[in-house]
2 protein chains.
Amino acid sequence: MAPRAATRSLHAQVIEEIGESIVSGALQPGDALPGEAQLATQMAVSRTVLREALKVLAAKGLIETRQKTGMRVRDPRHWNHLDADVLAWRCAAMPTDDFVDKLVEMRAIIEPAAVAAAARRREPAQLEAIGAALEAMEESTTLDEWAVADLHFHEAVLAATNNELLSSLFGVIEAALGTFFVMSARTAKNFKYALPHHRAVYEAIRRRRPNEAAAAMQAMIADSRANMRKGKKSG
Amino acid sequence: MAPRAATRSLHAQVIEEIGESIVSGALQPGDALPGEAQLATQMAVSRTVLREALKVLAAKGLIETRQKTGMRVRDPRHWNHLDADVLAWRCAAMPTDDFVDKLVEMRAIIEPAAVAAAARRREPAQLEAIGAALEAMEESTTLDEWAVADLHFHEAVLAATNNELLSSLFGVIEAALGTFFVMSARTAKNFKYALPHHRAVYEAIRRRRPNEAAAAMQAMIADSRANMRKGKKSG
DNA sequence: AAAACATATTTGTACGACAAATGACAAGTT
DNA sequence: AACTTGTCATTTGTCGTACAAATATGTTTT
């Protein structure tokens, strides 16, 4: 850990350290942080660097600063819960089960909607990209090859939605979920189990059938739920 | 404008100025920004303040900085499109029609899902809050009273989802949409036209019927589409 | 008791100096 | 000539100090 921390810039480290403390609950909402001067010496960085970090945290809605009063941890209602860092910090902290449930709920809402949007608005080149990824999945012989092709498939679908808001949301939720789920032993041995689902999604997008695409994705999610095992990823 | 700008902190102004330039397209992805020193004098602020702003913009994914190379505008694919500031800047710039369409698409995905979630997981006190807001809407006699009660209704539903990811998303999308739509003259005169829809949503949540709640919300969205006029708000 | 004022504390802003990284270029080597 | 090596200049990264602006708190005044 130590060498990795050394490579990243100081303010990045400070942002992460304070951000994690807040999101993990070590610092409670309403708590007053030490003054900038004290906090800077405490973390062994200059006030300049500390302030750069604080501004970023304020931009994420985690803290608020007022002159004379100092800094306070804001109520979670004001946090940018969809910020990639905030999500990552929540994943890093020991999250409650219901947080994972919330992520799963988001995926269940977004993914069917995304493939439906792709079915409506995909352009020829984008369909081709999805098809190419699907082909790579079919021809994959190892778990790694499959994983790479699967990632390409999802990215291609994302691009085909032609809605960067949707793909942005999709991206952060998937990244957070990826922290928690690993393939079960059964799935690892039969890693192509989801291929028919992917093909169904592809076909629905090719034929421009939004409803069918959404249904296929819902089936895929339901199936994958049964095949996933919860637990922190080793890597 | 001038007095308002004076009240906000310098870095906030710098963040907004550069952020808008990027999001509006005045600065193209890949473009190199002037060095910190030059940019600071150009904007008449200290390098300290400028850097605080740049760190925030980097956190939003708008720029990336590397030593020796300087700063570059990142590809939009890396932007935090769901960041409240980024969305606000896009709204402030002259947005293309299809951006508004994307926002509307997001709303069509989220709102039915949100009321369905509220129907599944609302707690008694939360239902009561929704009911109180609905009552206020029924008893409102002016457009202002209606607007306030309507806002409370939406906030109460949001809280009742018990999923801060969902409510966070809901919040930023609604805020962005609020920039674009104003009530049409016809709607203003008959501002209670949406009351039956609200009541239907409330009833579905009360009876814990997710599907009915989603359907009622979809009907409400479809109806409001016909009654909204596109255009920038005057305020 | 209430209002006006003074003060101390905390964040906001500015400036100057040096460290670290790194692209560019020159020199040297094969 | 092509490639490697090393120096150098430029740009961001970090630090420390000093002062300005705002504002809670306590004090004085009315």
Side-chain angles (χ1 to χ4, degrees), chain A residues 2-19 21-22 27 29-75 78 85, chain B residues 2-19 21-22 27 29-75 78 85:
Chain A
R4 183 190 167 195
T7 55
R8 293 191 316 168
S9 63
L10 270 182
H11 48 257
Q13 295 174 240
V14 174
I15 290 170
E16 182 174 328
E17 182 164 342
I18 301 181
S21 297
I22 294 175
L27 293 173
D31 280 2
L33 276 67
E36 290 180 352
Q38 181 182 341
L39 200 52
T41 60
Q42 182 178 318
M43 304 188 75
V45 297
S46 68
R47 198 165 84 107
T48 310
V49 166
L50 176 67
R51 277 182 58 82
E52 287 175 6
L54 292 175
K55 288 301 160 195
V56 171
L57 292 173
K60 294 183 190 301
L62 298 184
I63 61 174
E64 64 184 344
T65 79
R66 271 166 46 197
Q67 282 182 177
K68 176 68 180 180
T69 307
M71 299 171 290
R72 306 188 80 83
V73 178
R74 296 191 77 183
D75 189 278
H78 296 107
D85 289 330
Chain B
R4 185 191 165 196
T7 55
R8 291 191 317 164
S9 63
L10 271 182
H11 48 256
Q13 295 174 241
V14 174
I15 290 171
E16 182 173 329
E17 182 165 343
I18 302 180
S21 298
I22 294 174
L27 294 172
D31 280 2
L33 277 66
E36 291 181 352
Q38 182 182 342
L39 199 53
T41 60
Q42 181 179 317
M43 305 188 75
V45 297
S46 66
R47 197 164 83 103
T48 310
V49 166
L50 176 67
R51 278 181 58 82
E52 287 175 5
L54 292 175
K55 287 302 159 196
V56 172
L57 292 172
K60 294 182 190 301
L62 298 184
I63 62 174
E64 63 184 345
T65 78
R66 271 167 45 195
Q67 283 181 177
K68 175 70 178 181
T69 308
M71 299 171 290
R72 307 189 81 84
V73 178
R74 297 191 76 182
D75 187 279
H78 297 107
D85 289 330

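All chains are named by letter (A, B, ...) in the order of the sequence lines, taking the proteins before the strands, and each is independently numbered beginning at 1.
To the nearest 0.5 angstrom, Ser21(B) atom OG is 11.0 Å from Asp31(B) atom CG.
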Pairs of donor and acceptor atoms involving the side chains of residues 46-63 of chain A, under 3.5 Å and at least two apart or interchain, shall be tabulated with distances.
{"from": "Ser46(A)", "atom 1": "OG", "to": "Val49(A)", "atom 2": "N", "distance (Å)": "3.3"}
{"from": "Arg47(A)", "atom 1": "NH1", "to": "Glu36(A)", "atom 2": "OE1", "distance (Å)": "2.4"}
{"from": "Arg51(A)", "atom 1": "NE", "to": "Glu52(B)", "atom 2": "OE2", "distance (Å)": "3.0"}
{"from": "Arg51(A)", "atom 1": "NH1", "to": "Glu36(A)", "atom 2": "OE1", "distance (Å)": "3.4"}
{"from": "Arg51(A)", "atom 1": "NH1", "to": "Glu36(A)", "atom 2": "OE2", "distance (Å)": "2.8"}
{"from": "Arg51(A)", "atom 1": "NH2", "to": "Glu52(B)", "atom 2": "OE2", "distance (Å)": "3.4"}
{"from": "Glu52(A)", "atom 1": "OE1", "to": "His11(A)", "atom 2": "ND1", "distance (Å)": "3.3"}
{"from": "Glu52(A)", "atom 1": "OE1", "to": "Arg51(B)", "atom 2": "NH2", "distance (Å)": "3.4"}
{"from": "Glu52(A)", "atom 1": "OE2", "to": "Arg51(B)", "atom 2": "NE", "distance (Å)": "3.0"}
{"from": "Glu52(A)", "atom 1": "OE2", "to": "Arg51(B)", "atom 2": "NH2", "distance (Å)": "3.4"}
{"from": "Lys55(A)", "atom 1": "NZ", "to": "His11(B)", "atom 2": "NE2", "distance (Å)": "3.1"}
{"from": "Lys60(A)", "atom 1": "NZ", "to": "Asp83(A)", "atom 2": "OD1", "distance (Å)": "3.1"}
{"from": "Lys60(A)", "atom 1": "NZ", "to": "Asp83(A)", "atom 2": "OD2", "distance (Å)": "3.0"}
{"from": "Lys60(A)", "atom 1": "NZ", "to": "Asp85(A)", "atom 2": "OD2", "distance (Å)": "3.0"}

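Remark: nothing in residues 55-63 of chain B comes within less than 4.0 Å of DNA chain C through any heavy atom. Near DNA chain D, meaning a heavy atom under 4.0 Å away, the residues from residues 39-54 of chain B are Arg47(B), Arg51(B).
Taking atom CG of Leu10(A) as the reference point, atom P of dA20(C) lies 11 Å away to the nearest angstrom.
Arg72(B) and Thr69(B) make their closest contact through NH1-CG2, 4.4 Å (heavy atoms, listed as atom of the first residue, atom of the second, distance).
Boundaries of the chain A contact region on DNA chain D are dT14(D) to dA24(D), first to last in 5' to 3' order (nucleotide atom under 4.0 Å from a heavy atom).
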Discussion item. Show, in sequence, the C-alpha distance, side-chain angles and deciding distance for Leu39(B) and Gln42(B), and conclude whether the side-chain contact (heavy atoms from CB on, under 4.5 Å) test is met.
Written reply: CA-CA 5 Å; Leu39(B) 199 53; Gln42(B) 181 179 317; 4.2 Å; yes

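Phosphate proximity of dT13(C) to His11(B): present, with a side-chain N or O under 4.0 Å from OP1 or OP2.
Checked against salt bridge (Lys or Arg N to Asp or Glu O under 4.0 Å), Glu64(B) has the following partners two or more places apart in sequence or in another chain: Arg74(B).
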Item to complete: Classify every nucleotide of nucleotides 21-26 of chain C by which part a protein heavy atom approaches to under 4.0 Å, writing B for the base, S for the sugar-phosphate alone and - for neither, in 5'-to-3' order.
Response: BBB---

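At least one side-chain heavy atom of Met43(B) sits under 4.5 Å from a side-chain heavy atom of Ile18(B).
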